[in-house]
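Data block below; observations after.
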Amino acid sequence: MSFKDHIDTNKLPQHIAIIMDGNGRWAKKQGKLRMFGHENGTQSVRQTVETAAQLGVKNLTLYAFSTENWNRPKIEVQTLMKLLISSLKKEIATLQNNNIRLNAIGNLEALPSKARKELTHVIDLTKNNSHMVLTLALSYGSRDELLSAIKTISVKVKNNIISPEKIDESVINEHLYTQNLPDVDLLIRTSGEQRISNFLLWQIAYAELYFTDVLWPDFSKEDLYQAIVNYQKRERRFGKTSEQLS
Ligand code: IPE
Ligand code: IPE
Ligand code: MG
């Protein structure tokens with residue numbers, strides 16, 4: 001029996017976001033270097049992307065590298081960047097075969113130019129794909145995103161392009177890296193940590209949170225199905241009462 005049989009495909013989360021955590025611990029458990037975990041984590045990425053697309057999920061956002069991750073040892077940062085470049089090259093076929101458009105959020109200027117170039121290349125190659133949007137959060141931090149939005153909006157106010165009274169939620173949305181993406185419905189974090197780590201603070205305002213102890217390299221199709229089944233059992237009230245919803 002698969003959790004898949006319990007998924008109602010008419011009630012899929014429109015936007016799933018995942019904090020892919022636990023690569024280092026996964027490797028350490030086997031006496032290997034952290035990098036071994038990151039390498040194996042890419043298998044989970046491919047499988048999760050394909051599974052989400054096949055189910056009909058419209059938006060999948062993966063936290064791949066945070067603004068805080070720049071503070072890791074230089075060698076780990078370098079190898080992660082190399083892994084990003086090689087994965088982007090390798091997964092073009094996966095994206096094309098599944099009609100997936102690649103998107104990226106974060107302070108992309110901070111990425112090494114080779115990585116940025118490859119990213120821009122794959123984004124361009126897949127720009128007309130329409131089945132699912134895969135967003136990679138790279139050099140992403142929610143506070144950094146909000147700061148840059150506030151700065152841009154402030155300049156517009158100063159130059160009379162927008163008046164302060166006109167600033168509403170949609171204006172904020174338009175100035176975030178996530179721009180046209182809908183709010184997150186389901187946020188998954190692997191590895192047992194129960195924290196947000198500066199990920200999509202504005203966009204998860206009403207997301208359902210799902211934490212699993214599974215380490216990212218072990219995250220399987222079934223784990224994704226299980227998270228969605230769990231999500232579908234919840235009542236999303238958005239401040240209303242249960243009675244109002246039925
Ligand atoms: C997630 O795994 C990958 C990145 C943050 C890049 P970690 O590298 O954080 O693995 P743990 O948390 O140390 O096990
Ligand atoms: C969060 O994982 C960032 C990514 C998954 C890319 P971390 O492993 O960096 O998070 P903290 O620092 O332990 O909260
Ligand atoms: Mg971690």
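One-based numbering, in listed order, for ligands and for the atoms of each.
- Close approach to I19 involves these atoms of ligand 2, each under 4.0 Å from a residue heavy atom: 5 (C).
- Looking at E193 and R25, a side-chain N of the basic residue comes within less than 4.0 Å of a carboxylate O on the acidic one, giving a salt bridge.
- Here CG of N129 is found 12.5 Å from CG of N103. Values are rounded to the nearest 0.5 Å.
- When atom types are taken as modelled, the side chain of Y140 and the backbone of Y177 share no donor-acceptor pair closer than 3.5 angstrom.
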### Task
For the pair H6 and Q226, evaluate side chain to side chain donor-acceptor pair (under 3.5 Å) and give the outcome as yes or no after the intermediate values.
CA-CA 9 Å; H6 295 279; Q226 188 175 2; over 6 Å; no
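- The atom of D21 that is an N, O or S and sits closest to the Mg ion (ligand 3) is OD1.
- The N/O atoms of A64, backbone and side chain alike, include none that comes under 3.5 Å of an N/O atom in ligand 1.
- Atoms of ligand 2 found under 4.0 Å from any heavy atom of R195 (numbered from 1 in listed order, with element): 11 (P), 13 (O), 14 (O).
- The ring of Y210 has its center no closer than 6.0 angstrom to the ring center of Y231.
- Near R34, meaning under 4.0 Å from one of its heavy atoms, ligand 1 places the atoms 7 (P), 8 (O), 10 (O), 13 (O).
- If you check which protein heavy atom lies closest to atom 1 (C) of ligand 1, you get M20 O, 3.0 Å.
- Residue S197 has at least one N or O atom closer than 3.5 Å to an N or O atom of ligand 2.
- Contact annotation: for L215 versus ligand 1, there are no heavy atoms closer than 4.0 Å.
- In this structure, G22 is part of the shell of residues with a heavy atom less than 4.0 angstrom from ligand 1.
- Under a 4.0 Å heavy-atom criterion, K28 is not in contact with ligand 1.
- Among all protein heavy atoms, the one lying closest to atom 2 (O) of ligand 2 is R189 NH2, 3.7 Å.
- For atom 9 (O) of ligand 2, the nearest protein heavy atom lies closer than 4.0 Å.
- In this structure, the separation between CG on L138 and OG on S66 is 10.5 Å, given to the nearest 0.5 Å.
- Close N/O approach between R72 and ligand 2 is found [any backbone or side-chain N/O within under 3.5 Å].
- Among M35, E193, R25, the residue whose heavy atom sits closest to atom 11 (P) of ligand 1 is R25.
- Taking every non-hydrogen atom of F65 and a distance limit under 4.0 Å, the qualifying atoms of ligand 2 come out as 6 (C).
- For the 3.5 Å distance criterion, the side chains of Q232 and E208 fail to qualify, holding no donor opposite an acceptor.
- Atom CD of E169 sits in a sparse spot, with 12 or fewer heavy atoms from other residues, nucleotides or ligands closer than 6.0 Å.
- Atom NE2 in H15 sits 10.0 Å away from atom CE in M132 (nearest 0.5 Å).
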